[in-house]
Amino acid sequence: MKDKIVLGKTIDKWTKDYPLLEDLICTKEVFWTNPKYRKFDEAIKNISLSENHVKDAEERLQRFAPYIEKVFPETKDKQGIIESPIVEIPDMKDYLDAHCETNLLGNLLLKCDSHLAISGSIKARGGIYEVLKHAEDLAIDHSMLSKEDNYAILDSDKFREFFSQYSVAVGSTGNLGLSIGIMSAKLGFKVTVHMSADAKKWKKDLLRSKGVIVVEYESDYSKAVEEGRKQSDANPNSYFVDDENSINLFLGYAVAAYRLKKQLDELGVIVDRDHPLFVYLPCGVGGGPGGVAFGLKLAYKDNVHCFFAEPTHSPCMLIGLMTEEHDQVSVQDFGIDNITAADGLAVGRASGFVGKTLENLLSGDYTIDDDKLYVLLSALADTENIYLEPSALAGVGGIVDLFNTKAGQKYLRDSNLIDKMKNANHIAWATGGSMVPKEEMDKYYEKGIELSRE
Ligand SMILES: *Cc1c(COP(=O)(O)O)cnc(C)c1O
């Protein structure tokens with residue numbers, strides 16, 4: 001293994017250049033802070049996306065709201081806007097406090113994308129947004145729709161017949177497939193979801209019940225994407241949702257930030273120089289957490305500190321950022337197996353687009369063990385009666401690691417935040433869970449209880 005060559009260098013040399021790789025290769029938990037982190041005003045100069053792009057996405061979602069409200073009645077109370085609650089989780093914070101060595105300072109909140117309408121995960125942001133954007137582009141190009149129309153007219157046989165001439169395809173570990181599949185099928189598109197081996201059976205069954213074509217692969221996410229893209233590219237009327245490079249997905253996710261700001265204002269949560277905000281985002285390929293983090297940096301600049309969370313067996317974004325090789329390396333290159341219970345995060349190669357966009361904006365990235373995800377899952381259920389899928393718990397461990405690791409403490413010192421931490425707010429981004437069938441969730445919960453007895 002040590003002699004294996006990756007991008008012209010032996011693994012031995014790689015670990016000499018980046019000592020943290022040693023722990024990553026042994027699938028030990030790590031907390032990495034980003035040496036390329038910069039002040040917002042400086043960092044944003046190198047990024048071609050701006051607040052205007054995010055506002056454009058927000059307006060598009062607003063145009064679609066009357067349609068969404070009509071075809072997904074569960075969105076009625078929010079007038080067709082797909083948004084999740086944010087809640088304080090003080091009992092969970094007490095639990096974490098009791099189970100770690102140091103004092104966890106500040107207030108802990110949970111952003112419940114686990115309970116987003118329609119598809120029950122963070123993918124209900126970017127995934128649905130991208131399908132809507134594609135539908136709007138097609139309808140406007142064919143002079144069937146103008147931006148001034150009430151988009152409720154899309155709920156008609158005329159539009160469904162129109163969209164049925166077109167196909168949408170995507171490769172997915174599960175949740176992106178759910179979002180793209182459900183939304184595309186509702187509009188009338190022919191839709192194919194290419195599912196990786198990690199994808200849960202209930203997700204495939206649910207999609208098939210909605211008329212979605214599900215193609216299964218025995219290999220991982222990258223293969224499902226590659227095959228999906230190949231098949232889609234062969235058909236000129238087919239649109240491939242490219243999770244690894246899509247700016248539209250990214251912008252759909254980014255909209256979350258401005259809405260969150262409004263929610264925090266309403267809760268009286270202050271974010272400023274003396275009240276830092278820490279956000280912990282579970283990361284797979286990077287689009288979801290990357291888009292949200294980008295939006296948060298636009299909204300709060302240097303007062304928000306964003307950390308990604310990855311399974312110890314799939315630290316693709318961390319390796320990509322640290323080596324600055326982004327999508328040119330995979331976890332498998334370093335002998336890491338990409339096998340994890342966090343199916344939404346089971347990605348071996350990160351998005352190069354996201355890594356490069358965030359390379360000066362992201363504060364850091366930490367890894368978390370699968371067993372810990374289960375323990376946190378049952379603890380959150382017991383303390384707050386909130387049920388998440390394993391992937392989503394990755395963010396909940398962040399506050400502990402920030403205070404409990406040398407690298408975390410160093411980050412706070414270097415950023416002059418030590419005396420401000422008592423005023424801090426921490427948000428764990430709960431990325432999925434409400435659609436998990438009860439029997440599955442019971443098994444997760446039991447597993448967590450069992451592991452916490454050990
Ligand atoms: C997809 C997903 C993520 C991460 O999103 P990426 O865009 O793949 O980084 C996190 N949690 C859950 C539950 C997901 O489904």
Side-chain angles (χ1 to χ4, degrees), residues 84 110-116 118-130 170-181 193 195-196 198-200 203 220-222 224-225 241-254 256 279-295 306-311 314-318 320-321 326-327 338 340-355 357-358 362 365 368 373 377 387-398 428-436 440-441 444:
S84 70
L110 191 73
K111 179 61 174 162
C112 302
D113 277 8
S114 45
H115 292 70
L116 278 173
I118 302 175
S119 61
S121 82
I122 189 171
K123 306 296 194 312
R125 298 184 184 278
I128 288 178
Y129 173 74
E130 173 139 11
V170 67
S172 173
T173 61
N175 285 339
L176 185 64
L178 275 188
S179 292
I180 302 283
V193 176
M195 289 283 208
S196 63
D198 341 82
K200 301 279 184 247
K203 293 180 185 172
D220 81 351
Y221 166 82
S222 299
V225 170
V241 177
D242 181 351
D243 198 11
E244 290 165 336
N245 298 293
S246 168
I247 290 174
N248 289 325
L249 269 178
F250 188 82
L251 292 173
Y253 290 119
V279 185
Y280 310 97
L281 297 142
C283 177
V285 74
V292 171
F294 178 68
C306 300
F307 291 87
F308 284 177
E310 295 180 283
S314 309
C316 63
M317 185 61 81
L318 204 173
L321 285 168
H326 302 290
D327 55 351
N338 190 31
T340 168
D343 51 332
L345 314 181
V347 178
R349 189 185 297 276
S351 159
F353 154 64
V354 173
T357 302
L358 289 188
L362 191 71
D365 187 322
I368 184 163
L373 299 176
L377 188 152
Y387 289 79
L388 304 180
E389 62 186 89
S391 298
L393 275 305
V396 179
W429 209 279
T431 46
S434 65
M435 305 265 288
V436 176
E440 298 269 332
M441 189 56 88
Y444 293 155

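Quick note: numbers below take in every heavy atom, side chains included, and nothing from hydrogens, waters or symmetry partners. Note that the structure is a prediction, hence the values are computed from the model and not measured. Order of listing sets the numbers, starting from 1, for every ligand and every atom in it.
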Give the atoms of ligand 1, by number and element, whose distance to some non-hydrogen atom of [X] is under 4.0 Å.
X	result
T431	10 (C), 11 (N), 12 (C), 13 (C)
C283	9 (O)
E389	13 (C)
K123	1 (C), 2 (C), 3 (C), 5 (O), 14 (C), 15 (O)
N175	13 (C), 14 (C), 15 (O)

For [atom], what is the nearest protein heavy atom, given as residue, atom name and distance?
atom	value
atom 10 (C) of ligand 1	L345 CD2, 3.3 Å
atom 5 (O) of ligand 1	P289 CD, 3.5 Å
atom 8 (O) of ligand 1	V285 N, 3.0 Å
atom 4 (C) of ligand 1	G284 N, 3.5 Å

Between the side chain of [X] and the main-chain N/O of [Y], is any donor-acceptor distance below 3.5 Å?
X	Y	value
K111	S84	yes
T431	S121	no
D343	A199	no

**Message:** Given G344, S351, G288, identify the one with the heavy atom nearest to atom 7 (O) of ligand 1.
**Reply:**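 Of the listed residues, G288 has the closest heavy atom.
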
**Asked** Between N248 and S246, do the side chains contain an N or O donor and an N or O acceptor separated by less than 3.5 Å?
**Response**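 Not at all, the side chains of N248 and S246 share no donor-acceptor pair under 3.5 Å.
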
**Prompt:** What do you reckon, does G286 have a nitrogen or oxygen under 3.5 Å from a nitrogen or oxygen of ligand 1?
**Reply:**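 Yes: some nitrogen or oxygen of G286 is under 3.5 Å from one in ligand 1.
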
**Request:** Give yes if a backbone or side-chain nitrogen or oxygen of P282 is under 3.5 Å from a nitrogen or oxygen of ligand 1, and no if not.
**Result:**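 Between P282 and ligand 1, no N or O pair is found under 3.5 Å apart.
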
Which pair of heavy atoms, one from [X] and one from [Y], lies closest together, and at what distance?
X	Y	value
L321	H326	CD2-CE1, 3.9 Å
S172	V193	CB-CG1, 4.4 Å
C316	G284	SG-O, 3.4 Å
V292	L281	CG1-CD2, 3.8 Å
D198	A346	OD2-CB, 3.5 Å
I122	P289	CD1-N, 4.5 Å

Tell me whether [X] reaches ligand 1 (any heavy atom closer than 4.0 angstrom to a ligand atom).
X	answer
A392	no
V347	no
L176	no

